[in-house]
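Along the sequence shown, the residues carry numbers beginning at 1.
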Amino acid sequence: MCFGSCARCVGYKLLILALLCIVANTLLYFPNGETRFASEHHLSKYVECLHGIVGGGILVLIPAAVLIGIHNDNCGCLGDQGSGKGCAMLASALAAFVGILGSGYCIIISALGLSQGPYCFTRPERNWMYPFTDSSGGYLFEYNKWSECQEPQNIVQWNVTLFSILLVLGGIEFILCFIQITHGILGGLCGLCCSHEEVSNL
């Protein structure tokens, strides 16, 4: 398969994943669809890191746009008439590196958000706090303790679900970008795709 076709396929996948990350991070700002907790700053500090909007979203949209913009005939390699196309392959690897940074940021913040737990109004202390911060993520399996968070309602389930989604989406983005970096560098420097095309035309 031509490099351009592979790159465009990865690009469209990254586009979808980036948009999903933006939606998931946006939902974290509005527990149960309510806006007052965001306006009152009663959200986890990791929600406000914009890891899904900036990291898994905008920074991943950059390689997605670059890869989608590569034409299907970009199968050239360095050192021949298609050297410009080979440079496009290396450029795609550089763009994918930006995606690595963004998805990596998304993964790290999502993991930290899951580990610390939500910021909520608790039943015993009657105060806004992080009730599960000392559990190192153990609260995830202690469902009987989730009711300690009174406001926002079902905030533990809300945070766990969306942070988990962002963690998975960021992981998939990271893998796709890593594959694209490897493919772009090898294709650009060694002309593997170009050689494949020459053999197919014999």
Side-chain angles (χ1 to χ4, degrees), residues 10 12-65 96-180:
V10 173
Y12 282 117
K13 290 178 180 177
L14 288 176
L15 174 63
I16 294 172
L17 291 169
L19 294 177
L20 290 175
C21 280
I22 293 174
V23 171
N25 197 165
T26 302
L27 289 175
L28 277 172
Y29 272 89
F30 308 108
N32 305 313
E34 299 182 58
T35 60
R36 63 187 179 95
F37 300 106
S39 61
E40 296 170 0
H41 302 288
H42 288 154
L43 297 173
S44 167
K45 60 183 178 181
Y46 292 114
V47 173
E48 299 176 349
C49 287
L50 301 178
H51 59 295
I53 296 175
V54 175
I58 296 174
L59 290 181
V60 173
L61 285 175
I62 295 174
F97 180 73
V98 176
I100 285 278
L101 296 178
S103 58
Y105 176 63
C106 184
I107 291 171
I108 292 172
I109 299 300
S110 296
L112 290 174
L114 283 172
S115 176
Q116 185 176 57
Y119 183 70
C120 62
F121 187 81
T122 60
R123 182 172 56 190
E125 288 80 5
R126 307 294 296 177
N127 191 22
W128 288 92
M129 59 183 296
Y130 293 95
F132 310 116
T133 188
D134 296 326
S135 69
S136 300
Y139 78 96
L140 292 169
F141 308 102
E142 298 174 347
Y143 309 114
N144 59 317
K145 293 185 178 181
W146 290 9
S147 59
E148 291 181 12
C149 285
Q150 289 188 310
E151 288 190 35
Q153 290 185 352
N154 303 315
I155 186 60
V156 181
Q157 295 90 325
W158 189 268
N159 272 25
V160 169
T161 300
L162 291 173
F163 273 120
S164 297
I165 289 174
L166 285 166
L167 184 64
V168 171
L169 292 176
I172 297 173
E173 290 174 340
F174 189 93
I175 293 171
L176 289 175
C177 288
F178 181 79
I179 292 173
Q180 185 57 43

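One distance of note links CZ of F30 with OG of S39; it measures 9.5 Å at 0.5 Å rounding. One finds the CG atom of L112 at 9.0 Å from the CZ atom of F163 (value rounded to the nearest 0.5 Å). In this structure, the separation between CD1 on I172 and CD1 on I107 is 10.0 Å, given to the nearest 0.5 Å. The CG atom of L167 lies 11.5 Å from the CD1 atom of I109; values are rounded to the nearest 0.5 Å. Between the CG atom in L43 and the CZ atom in F37 there is a gap of 8.5 Å [rounded to 0.5 Å]. Here the CD atom belonging to E48 is positioned 10.0 Å from the OH atom belonging to Y119, to the nearest 0.5 angstrom.
Across W158 and L27, no two heavy atoms sit closer than the pair NE1-O, 3.0 Å. Contact record, L140 with W146: O-CZ2, 3.4 Å, taken as the closest heavy-atom pair. Heavy-atom minimum distance, H51 versus Y105: CA-CE2, 3.5 Å. Between G55 and V60 the shortest heavy-atom distance is O-CG2, 3.6 Å. The two residues E151 and C120 make their nearest non-hydrogen contact at O-CB, 3.2 Å. Nearest heavy atoms, L20 versus L169: CB-CD1, 3.7 Å.
Around atom CZ of F97, no more than 12 heavy atoms belonging to other residues, nucleotides or ligands sit under 6.0 Å away. For CD of Q157, the number of neighbouring non-hydrogen atoms (other residues, nucleotides, ligands) closer than 6.0 Å is greater than 12.
Between W128 and H42, the ring planes lie parallel to each other; the angle is under 30°, not in the 30° to 60° tilted range. Aromatic ring pairs are classed by plane angle as parallel below 30°, tilted from 30° to 60° and perpendicular above 60°; the pair F178 and F174 is parallel.
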(request) Dump the intermediate steps for side chain to side chain contact (heavy atoms under 4.5 Å, CB included) on Y29 and L50, then the final yes or no. (result) CA-CA 10 Å; Y29 272 89; L50 301 178; 3.3 Å; yes

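Residues M129 and E148 fail the side-chain proximity criterion, which asks for heavy atoms closer than 4.5 Å. No side-chain heavy atom of I155 sits under 4.5 Å from any side-chain heavy atom of F121. The side-chain heavy atoms of Y139 and P131, taken from C-beta on, include no pair separated by under 4.5 Å.
Remark: the backbone N or O of Q153 is paired with a side-chain donor or acceptor of N32 at under 3.5 angstrom. At distances below 3.5 Å, at least one donor-acceptor pair connects side-chain atoms of T26 with backbone N or O atoms of I22.
Across the pair C106 and C21, the gap between the SG atoms, which is the quantity tested here, reaches or exceeds 2.5 Å.
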